[in-house]
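For reference, the structure discussed in these notes is given below.
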Amino acid sequence: MMNNKSEKRRLHWNEAQQPGLAAHNPGSKVRQTRVCCEGDDTPLKELPLSLQEKWTQREKQTAEGRQISGWDWKQNQRLAHRKLSQETHNILSAWKLWKKPLHEIEGCFGSGCVSYFILLRFLFFLNFIFVPLFAGFVLVPTSFFNKTPEVPAVETLNQTTDIQCKNFSYRTQGAATQTEKVFLDIFTGEGILETSFLFYGHYRFLDTMGLGYSIRMAYLLTILGYLILCFLWVGRRMVASRIQRQWHSRYYLTAFSSRIFAGWDFCVRDMDAVSLKQHSISNCLKMELQEVSRHQQKQQQSGKEKAVLTLIRLLLNALILALTSAAFYCIYLATEVSQDFEQNRSSTETFSRRVVTQYLPPIIISLVNFFLPYVFGALVRYEGYSPSVEVNLTLLRSVLLKLAGLGMFLFSLGQKVLCVGNRDDSNCLTCGYNKLYQCWETSIGQEMYKMTVFNFLSTIGVTLLVSLPRRLMVDHTSWKLAQWIGKEEFLIPQNILDIVYEQTVIWCGMFYSPLLPLLNCVFLFIIFYVKKYTLCHICKPSKRMFRASSSRFFFQFILFLGLMMALCPLTYIITKFRPSRACGLFVDYATAWQVVHESISTRLPVNAQRFLNYIGSEAFAFPLLTILCLVLIAYISRIAKNRETIEQLKNLVVMQAWDKSYLEQELSKVLKETWLGGSNQTLQTVDLPEAPAQSTSPHSSLLQSAS
């Protein structure tokens with residue numbers, strides 16, 4: 001049987017390769033194929049048939065009851081699995097949050113505007129994931145075991161602790177009215193909120209009735225595990241959105257052609273957005289021309305002009321550094337004044353003064369973040385950079401300002417509460433931290449809570465009190481000032497920086513106020529609809545269209561920086577500073593991380609302890625660092641090789657272009673001579689450009705050899 005099949009195949013291919021009309025006749029070839037396949041179990045993939053004929057052959061085999069080959073069975077399984085995955089994806093996407101509004105925004109304003117709302121949705125889910133984790137591992141067990149007395153079930157490790165470190169009582173709102181007390185509790189996190197699950201001080205060590213469940217370990221590892229999950233998730237998105245920056249020489253530019261032939265956003269369907277996109281492409285072309293012109297001017301600058309420009313840049317950077325330092329000093333003073341007022345306040349203070357004083361640091365930080373970026377944008381015009389560099393440099397300075405401002409606030413708060421850099425202070429010697437802050441974790445959590453609330457209120461307030469009246473003035477008045485100001489632009493980079501800054505605040509404060517992510521979910525849900533209404537009805541899209549594909553990596557990198565900025569101080573505090581002795585889960589330990597060491601030494605087998613100790617030792621760190629260095633060297637070598645290959649391919653493309661040009665010229669000459677000799681008619685041809693004799697291009701030698 002096998003010999004007959006092999007003979008049929010051999011005869012078929014021999015006949016197909018015979019010269020002559022019969023061998024090249026499609027009908028004859030199909031007939032031969034059909035004849036040779038009768039009674040043959042050859043897989044349909046290997047048969048030289050069209051797709052329609054393969055389907056017919058499959059139906060015939062199925063009708064005859066013939067067994068499908070192994071390859072066909074695998075293919076069917078693969079198709080079924082793909083179909084099931086697609087159906088599952090469709091079902092899940094139908095329930096995806098804000099799917100329809102995102103499509104509407106993308107259709108009216110393009111992919112650039114929708115990128116802001118997609119990032120906002122990502123942050124919403126990133127915060128929402130923490131809620132079931134914390135509820136399942138901490139809140140539910142705490143509520144279940146809350147029937148037991150809320151006192152430490154183990155003896156205090158340090159019996160000589162001074163009573164001054166445990167003299168803690170919740171603060172009241174003094175002589176304020178009932179309405180004022182409610183508002184103060186909501187806006188300051190004191191009163192009833194201070195005794196709730198919102199802050200660290202509410203959680204106490206509870207007896208688990210011999211079940212072996214540690215609330216302390218659950219609290220610590222849930223928060224750290226969530227931050228590690230955020231690290232992996234944000235890092236993955238950052239790597240996935242990274243766009244390789246391909247270097248193009250000045251003699252092989254594709255910016256103009258890509259703008260003209262591939263710059264249109266086909267998601268745009270609104271006529272105003274279409275007109276805006278047309279102006280955007282025009283502005284982008286103008287910017288590219290300015291880039292080329294500025295590059296030529298830079299090449300023609302004399303040494304004196306370059307020295308003057310360098311001096312101007314140094315002076316402007318010194319001015320920017322001075323303004324930033326002054327802003328940081330204002331943040332430091334605001335934190336000092338606010339904390340001193342909190343410790344020395346009296347019950348006769350007015351409601352408005354208490355609110356303003358407690359919100360003084362967030363107010364100063366918001367003013368700094370609002371005004372200084374405009375100053376940076378005005379000063380960068382005198383530094384002599386190209387338009388694209390001006391935008392990127394201003395954005396980079398704004399990012400550093402926001403993150404550094406928050407870092408200064410955290411440092412000043414740590415210096416005041418944890419005595420960072422001031423351990424010899426009389427208030428810090430007794431407890432290991434400032435004894436005026438008996439439950440210092442709750443105090444820091446209240447500051448982060450006030451920052452979160454103020455950021456949300458400022459977003460809503462700017463929309464209702466600034467953007468909306470400005471739009472109404474422009475639409476319903478004929479004042480020259482209002483018409484000159486015009487409608488507010490929806491600036492996507494600034495809005496993205498705002499929500500990244502707010503998320504950084506959440507990460508910084510979630511250990512001290514573990515329900516901040518839940519609160520941020522509520523705020524982000526409201527902000528989505530507020531920003532959607534602002535974009536569609538109040539503001540106009542920015543004239544400088546935002547390219548989501550090219551800037552997505554930058555904003556993901558900023559989000560990653562914010563996460564690292566929150567993770568590093570938190571890790572340092574957990575491993576180095578003494579927890580509060582008057583409240584919280586870790587009153588019996590020198591550091592919060594000591595709970596992990598105790599659990600490892602008492603709950604795990606000896607072999608597991610040795611393994612974990614080896615992982616945390618220098619003997620494991622050194623070979624791990626060596627392996628990582630080798631992997632990094634391998635990747636760097638691979639990147640360098642890829643860049644070299646890309647340059648070679650660019651050279652090849654240029655050479656092929658000149659080869660085609662040369663062949664067209666030669667063909668035109670031959671055709672011209674032939675037609676003139678045959679019919680004495682003149683053939684008009686288009687002269688193609690000659691390759692330059694002396695080119696300053698880095699590919700000049702290649703071009704000359706190609707021509």
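Because the structure is predicted, anything quoted here is derived from the model rather than measured.
- For the side-chain contact (heavy atoms from CB on, under 4.5 Å) with V500, the lone residue among L561, L403, I558 that qualifies is I558.
- No donor-acceptor pair closer than 3.5 Å links the side chain of S338 to the backbone N or O of A334.
- Under the ring-ring contact (aromatic ring centres under 6.0 Å, His included) criterion, Y329 pairs with no residue at all, not counting sequence neighbours.
- Ring orientation note: the planes of Y512 and W440 are tilted relative to one another, at an angle of 30° to 60°.
- When the salt bridge (Lys or Arg N to Asp or Glu O under 4.0 Å) test is applied to K402, the partners found at least two apart in sequence or on another chain are D498.
- Annotation: salt bridge (charged side-chain N to carboxylate O under 4.0 Å, His left out) contacts involving residues 125-139, sequence neighbours excluded, are absent.
- Checking side-chain atoms of S458 against main-chain N and O of N455 turns up a donor-acceptor pair under 3.5 Å.
- Among residues two or more places apart in sequence or in another chain, the salt bridge (Lys or Arg N to Asp or Glu O under 4.0 Å) test is passed with R121 by none.
- Listed by chain and residue number, K450 satisfy the salt bridge (Lys or Arg N to Asp or Glu O under 4.0 Å) test with E447 (two or more places apart in sequence, or in another chain).
- Remark: the backbone N or O of F409 is paired with a side-chain donor or acceptor of S412 at under 3.5 angstrom.
- The line from CZ of F199 to CD of E190 is 9.0 Å long, rounded to the nearest 0.5 Å.
- Here side-chain hydrogen bond (donor to acceptor under 3.5 Å, both in side chains) pairs that include residues 523-534, with residues two or more places apart or in two chains, are W98-Y529, N495-K531.
- Using modelled atom types, no side-chain atom of Y501 and backbone atom of V399 make a donor-acceptor pair closer than 3.5 Å.
- Between the side chain of E441 and the backbone N or O of S580 there is at least one donor-acceptor pair closer than 3.5 Å.
- Panel note: side chain Y219, backbone F511; a donor-acceptor pair is recorded below 3.5 Å.
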